[in-house]
Trainee: 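Take this structure, written in structure tokens, and hold onto it; I'll ask about it next.
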Amino acid sequence: EEDHDGSVLGNLDAVYANPQAFDGAEILGHIFGANREPVAGDLSKGTGLNPNATALLLQILAPIVMGLIGKKLRGSGMDAGGLSGLLGGQTKEAEAAQPGLMGSITKILDRNSDGSVLDDLQRFAGGLFGRKDN
């Protein structure tokens, strides 16, 4: 909550100019773990973007997305369960809009390979609030 309060949204030019200064790679590591490169590769294939450009784009977008989530949390008083529900709903909408691309990303996000990303999103949301679920 403290690191991603939404303030980054007022400094988008700086994020674009120097994504490393905003910990984009570190954020991606927390979200995707060892699957960070496969995610970038799948997105590259799905979008036709150069793999290096895709990796850089993800590093730029990571702090922006976390800023948006942080801003939403601060404005709504949402807890980890609410955030998990929001992310799960967004994932379902994205899967419906882009089934092939989202299917690949869903496989990567499904860190415990149980066929659902909702429990993984719950753990991610809990991590944002300092709670570590197994």
Side-chain angles (χ1 to χ4, degrees):
E1 284 178 279
E2 294 172 17
D3 292 340
H4 308 290
D5 61 2
S7 61
V8 71
L9 301 174
N11 205 5
L12 296 178
D13 288 339
V15 176
Y16 177 74
N18 187 8
Q20 295 82 10
F22 292 85
D23 299 323
E26 185 176 326
I27 293 167
L28 293 171
H30 286 294
I31 295 170
F32 298 120
N35 293 318
R36 191 169 103 195
E37 287 185 25
V39 168
D42 284 349
L43 283 173
S44 179
K45 288 176 191 170
T47 62
L49 291 174
N50 171 299
N52 292 332
T54 302
L56 180 59
L57 182 61
L58 286 172
Q59 286 185 36
I60 292 169
L61 290 175
I64 295 169
V65 170
M66 291 303 295
L68 289 167
I69 290 171
K71 186 175 179 179
K72 176 80 172 168
L73 290 174
R74 286 182 181 268
S76 68
M78 190 180 298
D79 63 3
L83 176 60
S84 176
L86 174 69
L87 294 174
Q90 294 297 313
T91 300
K92 286 181 181 180
E93 286 181 30
E95 286 174 355
Q98 292 289 330
L101 179 61
M102 286 310 298
S104 298
I105 295 170
T106 299
K107 287 180 197 171
I108 293 166
L109 288 174
D110 185 11
R111 296 182 88 168
N112 62 359
S113 302
D114 67 350
S116 171
V117 298
L118 295 179
D119 58 328
D120 303 285
L121 292 172
Q122 180 78 30
R123 268 190 293 285
F124 171 70
L128 289 177
F129 288 90
R131 199 178 78 223
K132 304 292 181 205
D133 294 339
N134 293 327

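We use all heavy atoms of the structure for the numbers below, so side chains are in, but hydrogens, waters and symmetry mates are not. Model, not experiment: these values are computed from the prediction. Start at 1 with the first residue, then count along the sequence.
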Trainee: Ignoring hydrogens, what is the shortest heavy-atom contact between Val15 and Pro63? Give both atom names and the distance.
Mentor: CG1-CG, 4.0 Å

Trainee: Under a single-linkage definition using a 4.5 Å side-chain heavy-atom cutoff for Ile, Leu, Val, Met, Phe, Trp and Tyr, are Ile64 and Met66 assigned to the same hydrophobic cluster?
Mentor: no

Trainee: Closest heavy-atom contact between Ala62 and Gly24?
Mentor: CB-O, 3.8 Å

Trainee: Give the cluster check for Leu9 versus Ile27: same hydrophobic cluster or not, with ILVMFWY residues linked at side-chain heavy-atom distances below 4.5 Å.
Mentor: no

Trainee: Could you state whether Tyr16 and Leu61 fall into the same hydrophobic cluster, counting links through intermediate Ile, Leu, Val, Met, Phe, Trp or Tyr residues with side-chain heavy atoms under 4.5 angstrom apart?
Mentor: no

Trainee: So which atom in Ala34 and which in Pro38 form the shortest heavy-atom distance, rounded to 0.1 Å?
Mentor: O-CD, 3.9 Å

Trainee: Determine, using the 4.5 Å side-chain heavy-atom cutoff (strictly less than), whether Ile60 and Ile31 are members of one ILVMFWY cluster.
Mentor: no

Trainee: Which distance, rounded to the nearest 0.5 Å, do you find between the CZ of Arg36 and the NE2 of His30?
Mentor: 11.0 Å

Trainee: Would you list the atom pairs, donor with acceptor, under 3.5 Å between side chains in residues 49-59 and any protein atom, with sequence neighbours excluded?
Mentor:
residue: Asn50; atom: OD1; partner: Asn52; partner atom: N; Å: 2.6
residue: Asn50; atom: OD1; partner: Ala53; partner atom: N; Å: 3.2
residue: Thr54; atom: OG1; partner: Asn50; partner atom: O; Å: 3.0

Trainee: Measure the CG-CD distance between Leu28 and Glu37 for me, rounded to the nearest 0.5 Å.
Mentor: 11.5 Å

